[in-house]
Amino acid sequence: MNKVRLGRTEIVVNKNGFGALPVQRVSMEEAKVILRKAYENGIHFFDSARAYSNSEEKIGQALHDVRHEIYISTKTMATNVEDFWKDLSMSLEMLQTDYIDIYQFHNPSFCPKPNDGTGLYEAMLEAKRQGKIRYIGLTNHGIDVALEALESDLYDTLQFPFSYLASEKEERLVHLCKEKDIGFICMKALSGGLISRSDAAYAYMQQYDNALPIWGIQKESELDEFISYQDHPPVLNEEIKALIAHDQKELAGNFCRGCGYCMPCPQGIVINQCARMSLMLRRAPAAGWLSEKWQAEMKKIEECIHCGKCMSHCPYGLNTPELLQKNYEDYQTFLK
Ligand code: SF4
Ligand code: SF4
């Protein structure tokens with residue numbers, strides 16, 4: 001089994017981490033089965049967030065009796081000290097634990113630092129002093145905030161989207177983490193569903209010995225794939241290299257990563273799916289995306305009032321309304 005050391009935290013875990021965002025979408029019983037199976041098969045790092053509805057509660061229910069054998073990272077979106085403590089207290093309760101291994105600021109629009117007037121970083125230090133958290137992390141989708149966090153040396157870990165579709169700048173981020181001995185946790189290692197071959201994603205990650213991917217797992221079949229790689233790790237052979245090169249070419253440039261930070265839309269447009277519909281139609285079975293439900297969702301693009309809210313929140317600087325329009329036009333060609 002390949003292992004990863006998360007920088008200065010000295011946490012060493014299986015290179016298969018568990019991203020617990022998707023378990024929100026399944027029942028408590030299903031989630032417990034999946035989480036427990038992951039644990040029993042050597043997956044011992046679980047990442048959640050206060051913002052992922054009942055994800056923390058599911059981890060707590062499934063794994064509270066083995067708490068000291070696993071590592072838990074979770075996140076707060078608090079922008080003030082009062083909410084920080086409320087979130088931390090609720091996370092501890094839901095996770096059925098009295099400590100969190102890595103507590104992360106969840107995609108903040110700035111890099112919290114001591115004396116910045118928010119008191120947020122000081123609250124992290126106090127939580128650490130009280131033994132409620134062990135390490136301080138930050139997650140982000142924006143490269144500028146991520147770089148600032150690394151340069152500040154205030155964070156033990158950085159969580160950032162990273163897959164074989166990453167740009168050179170993003171690859172540099174992983175190397176910088178290694179140089180600074182900061183743990184690197186990669187989210188979206190399947191690029192929000194655009195990468196359909198998990199073996200290729202896994203093989204690519206093998207090149208980065210300091211990167212811990214947290215695969216977003218919702219189904220037992222997905223979990224089984226990742227577990228199978230522990231004994232037989234896929235290698236970056238010629239076939240996989242060719243696939244990666246093909247995908248990099250096809251997905252180069254400004255595509256929607258499906259992160260959803262631009263939502264909600266006042267017109268109810270499901271931006272994080274509709275703005276990448278062209279890709280989904282070509283990279284996944286198209287039938288589901290052509291259903292009456294999705295036809296109605298895509299039609300809502302006609303109601304866009306160009307308020308600009310989505311664009312101002314997109315960490316990738318996308319012209320979202322334009323992207324939606326392009327996807328809508330392409331979608332209609334599939335319906336003919
Ligand atoms: S610009 Fe259009 S898609 Fe974007 S938030 Fe406004 S209404 Fe929604
Ligand atoms: S438009 Fe931007 S913010 Fe919205 S889902 Fe796509 S990548 Fe994320």
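Since the structure is predicted, the reported quantities are computational estimates derived from the model, not experimental observations. Counting starts at 1 for both ligands and their atoms, in listed order. Values below: all heavy atoms of this structure, side chains included; hydrogens, waters and symmetry mates excluded.
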task = Compute the minimum heavy-atom distance from G260 to ligand 2 and say whether it is under 4.0 Å.
result = yes

request  = Verify the neighbour count for atom CD of E292: are there more than 12 heavy atoms of other residues, nucleotides or ligands below 6.0 Å?
outcome  = no

key: Distance from atom 3 (S) of ligand 1 to nearest protein heavy atom, with residue and atom   = L324 CD1, 3.5 Å

task = Check whether any side-chain N or O of K15 sits under 3.5 Å from a backbone N or O of M205 as a donor-acceptor pair, and report yes or no.
result = yes

request  = May I ask you to say whether R8 pairs ionically with D181, meaning some side-chain N is under 4.0 Å from a carboxylate O?
outcome  = no

remark   = re atom 8 (Fe) of ligand 1, the protein heavy-atom contact at minimum distance is C265 SG, 2.4 Å

key: From CA spacing to verdict: side-chain hydrogen bond (donor to acceptor under 3.5 Å, both in side chains), S73, Y135   = CA-CA 9 Å; S73 60; Y135 298 103; over 6 Å; no

query = For atom 2 (Fe) of ligand 2, which protein heavy atom lies nearest, and how many Å away is it?
reply = C314 SG, 2.4 Å

request  = With heavy atoms of H306 as the reference, note each atom of ligand 1 found under 4.0 Å away.
outcome  = 1 (S), 2 (Fe)

ask   = Looking at Q104, K188, H141, H106, which hits side chain to side chain donor-acceptor pair (under 3.5 Å) with Q159?
value = Q104

message = Only heavy atoms of P315, strictly under 4.0 Å: list the atoms of ligand 2 that pass.
response = 3 (S)

ask   = Any cation-pi pair here, R257 with Y316, using under 6.0 Å and within 45°?
value = yes

remark   = atom 6 (Fe) of ligand 1 has as its nearest protein heavy atom C307 SG, 2.3 Å

query = Do E303 and K300 meet the salt-bridge criterion of a basic N to acidic O distance under 4.0 Å?
reply = no

inquiry  = As an exercise, identify every atom of ligand 1 less than 4.0 angstrom from a heavy atom of Q267.
reply    = 7 (S)

remark   = Atoms of ligand 2 under 4.0 Å from any heavy atom of N272, numbered from 1 in the order shown, are 5 (S)

ask   = What part of M311, side chain, backbone, both or neither, has a heavy atom within less than 4.0 angstrom of ligand 1?
value = neither

message = With a 4.0 Å cut-off on N to O distance, would you call D83 and R50 a salt bridge?
response = no

query = Has C304 got an N, O or S atom lying less than 2.8 Å from atom 2 (Fe) of ligand 1?
reply = yes

message = One residue to check: P321. Relative to ligand 1, which of side chain, backbone, both or neither has a non-hydrogen atom less than 4.0 Å away?
response = side chain

query = Where the side chain of E148 meets the backbone of D144, is there a donor-acceptor pair that is under 3.5 Å apart?
reply = no

ask   = Side chain, backbone, both or neither: which part of T320 has a heavy atom under 4.0 Å from ligand 2?
value = side chain

ask   = Given T139 and N107, is the side-chain hydrogen bond (donor to acceptor under 3.5 Å, both in side chains) satisfied, shown in steps?
value = CA-CA 5 Å; T139 81; N107 199 38; 5.3 Å; no

note = The protein heavy atom nearest to atom 4 (Fe) of ligand 2 is C262 SG, 2.3 Å

request  = Can you sort out which atoms of ligand 2 are near C259, meaning under 4.0 Å from one of its heavy atoms?
outcome  = 3 (S), 5 (S), 7 (S), 8 (Fe)

